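For reference, the structure discussed in these notes is given below.
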Protein chains: 2
Amino acid sequence: MKNTKEIILQKSTGLFVRKGYSGTSIRDIAKEVGIRESAIYNHFSSKKEIFAELINRLTPESLPAIILTDELLDEISNPEIFIRNFARKIFEHWNSSSERSLIKIILGEQFYNNTEIDISFSSYYSGYFEMTKLIFSEMMKHKFIKKSDADVLADSFLAYLFLLRLKNPDSLENKELIRKIDEHSKLFWENVKR
Amino acid sequence: MKNTKEIILQKSTGLFVRKGYSGTSIRDIAKEVGIRESAIYNHFSSKKEIFAELINRLTPESLPAIILTDELLDEISNPEIFIRNFARKIFEHWNSSSERSLIKIILGEQFYNNTEIDISFSSYYSGYFEMTKLIFSEMMKHKFIKKSDADVLADSFLAYLFLLRLKNPDSLENKELIRKIDEHSKLFWENVKR
DNA sequence: GTCTATAAGGAGATAGAC
DNA sequence: GTCTATCTCCTTATAGAC
């Protein structure tokens, strides 16, 4: 059995995702949790604090630790396979329930002054970008792939995956989607291989 | 001198972009316009109606008419140049003031149930997708480019441009940005040419 | 077309009993 | 830790004078 604080966080995540920060009231949250509004204040001192805590929990400490699993890195000497699996892994991650929530909240709130919480797509994305850029830079150094602009390479690799994510906000696992991701990886590989 | 209705639409666009639909009140709008809240209701019957009218005005009737200018189509027989100019044109369009507003509002509101207005990234994007897919399909038919999956091609062409747009929500003209767009077009062309 | 005044309810947040 | 009760301000919207 979860304690009330956890339930508040869980329910308010759902509400913020569906209705946005401004569109969600303490009243809404209390109703979903099944307590009075005043009881919320035993656990959080303000609505903003709920939001901040929730963003904090949704944000992973280390992205590479999540994405670059041993299983994935085992294939690093086979760049074609590695690129395919890397793409699948990133999309799978973006398709996870908590990451779907985070992306929706970031895209929904990034521009607004309603919270003083600093969230922006740029800072969200930069973790993925730096990681991907590093991988391609290393691949260039080891002559696995052609020398070219690593920034553009990383962006064009990730952009397609993120677009698929945007186009399918509620998508589950889907064979056609995986086919497209693999097709993208294949085209990408044809383009960068030496 | 604009009339009040136009000023309301103009000011509320700015507010919806900055603070979102739920985060913007009739009071905010009235204040920006310089009239009382009640005076708003001489022009619109509800906040929702302002929003609907504004989305309607921001949505172009025909996308191809805006993007596929004669100047652009003159180069169609030179696919490398056409692709470069097409990419530049789309980004320039996405970077225009009214389109920046529309994109921000769509990304900010698409998931929420706060308005009954149906806006989603998917339907916004599909106009660009269909147009781009058609162009590449024609290019394949005329053997200007290699035969491959036109869906994946169109998405990967547009995805990079849209990602740049997302990464730079307030960007103005920028040489580095144009260089990246051109680099993307070049890589893309190398990949699809026969 | 804009104003003042006001309704009727929702917002975030607190005090104090249990 | 949750409740009832309440505060104060904000919300959308309307009525009616000018």
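None of the values given here were measured: they were computed from a predicted structure.
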Is any side-chain heavy atom of A/Asn3 closer than 4.5 Å to a side-chain heavy atom of A/His43?
no

Measure from NZ or CZ of A/Lys5 to the centre of the six-membered ring of A/Phe44 and say whether it is under 6.0 Å with the direction within 45° of the ring axis.
yes

Expressed in angstrom and rounded to an integer, what is the separation of A/Ile35 atom CD1 from C/dC18 atom P?
21 Å

Separation of atom CZ in A/Phe44 from atom C1' in C/dG12, rounded to whole Å
16 Å

Could you tell me the separation between the CD atom of A/Glu49 and the C1' atom of C/dG12, rounded to a whole number of Å?
14 Å

Can you tell me the distance, in whole Å, between the CD1 atom of A/Ile26 and the P atom of C/dT14?
11 Å

Out of D/dC3, C/dG1, C/dC3, which has the shortest distance to the side chain of B/Arg36?
C/dC3

Rounded distance (Å) that lies between atom C1' of C/dA13 and atom NZ of A/Lys48:
13 Å

So, is the end of the A/Lys193 side chain (NZ or CZ) under 6.0 Å from the ring centre of A/Phe188 and within 45° of the ring's axis?
no

Spacing between B/Asp28 atom CG and D/dC10 atom C1', to the nearest angstrom:
10 Å

With the side chain defined as heavy atoms from C-beta on, A/Arg27 is closest, among D/dT12, C/dG10, C/dA13, to C/dG10

Ignoring hydrogens and geometry beyond distance, is a side-chain donor-acceptor pair present between A/Ser126 and A/Ser123 at under 3.5 Å?
no

Look at the rings of A/Tyr21 and A/Phe51 and say which category their plane angle falls in: under 30° parallel, 30 to 60° tilted, over 60° perpendicular.
perpendicular

Taking the side chain of A/Ser38 as heavy atoms from C-beta outward, which of D/dT12, D/dT4, D/dG1 is closest to it?
D/dT4

Heavy atoms from C-beta onward define the side chain here; which of C/dC3, C/dA13, D/dA13 lies closest to that of A/Glu37?
C/dA13

Classify B/Thr24 by what it touches in the nucleic acid, base, sugar-phosphate, or nothing, heavy-atom distance under 4.0 Å.
sugar-phosphate

Measure the distance from NZ on A/Lys31 to C1' on C/dG12 and round it to the nearest whole Å.
17 Å

Between P on C/dT4 and OH on B/Tyr41, what's the gap in Å once rounded to a whole number?
16 Å

From the options C/dT14, C/dG1, D/dT12, select the nucleotide whose nearest atom is closest to the side chain of B/His43.
C/dG1

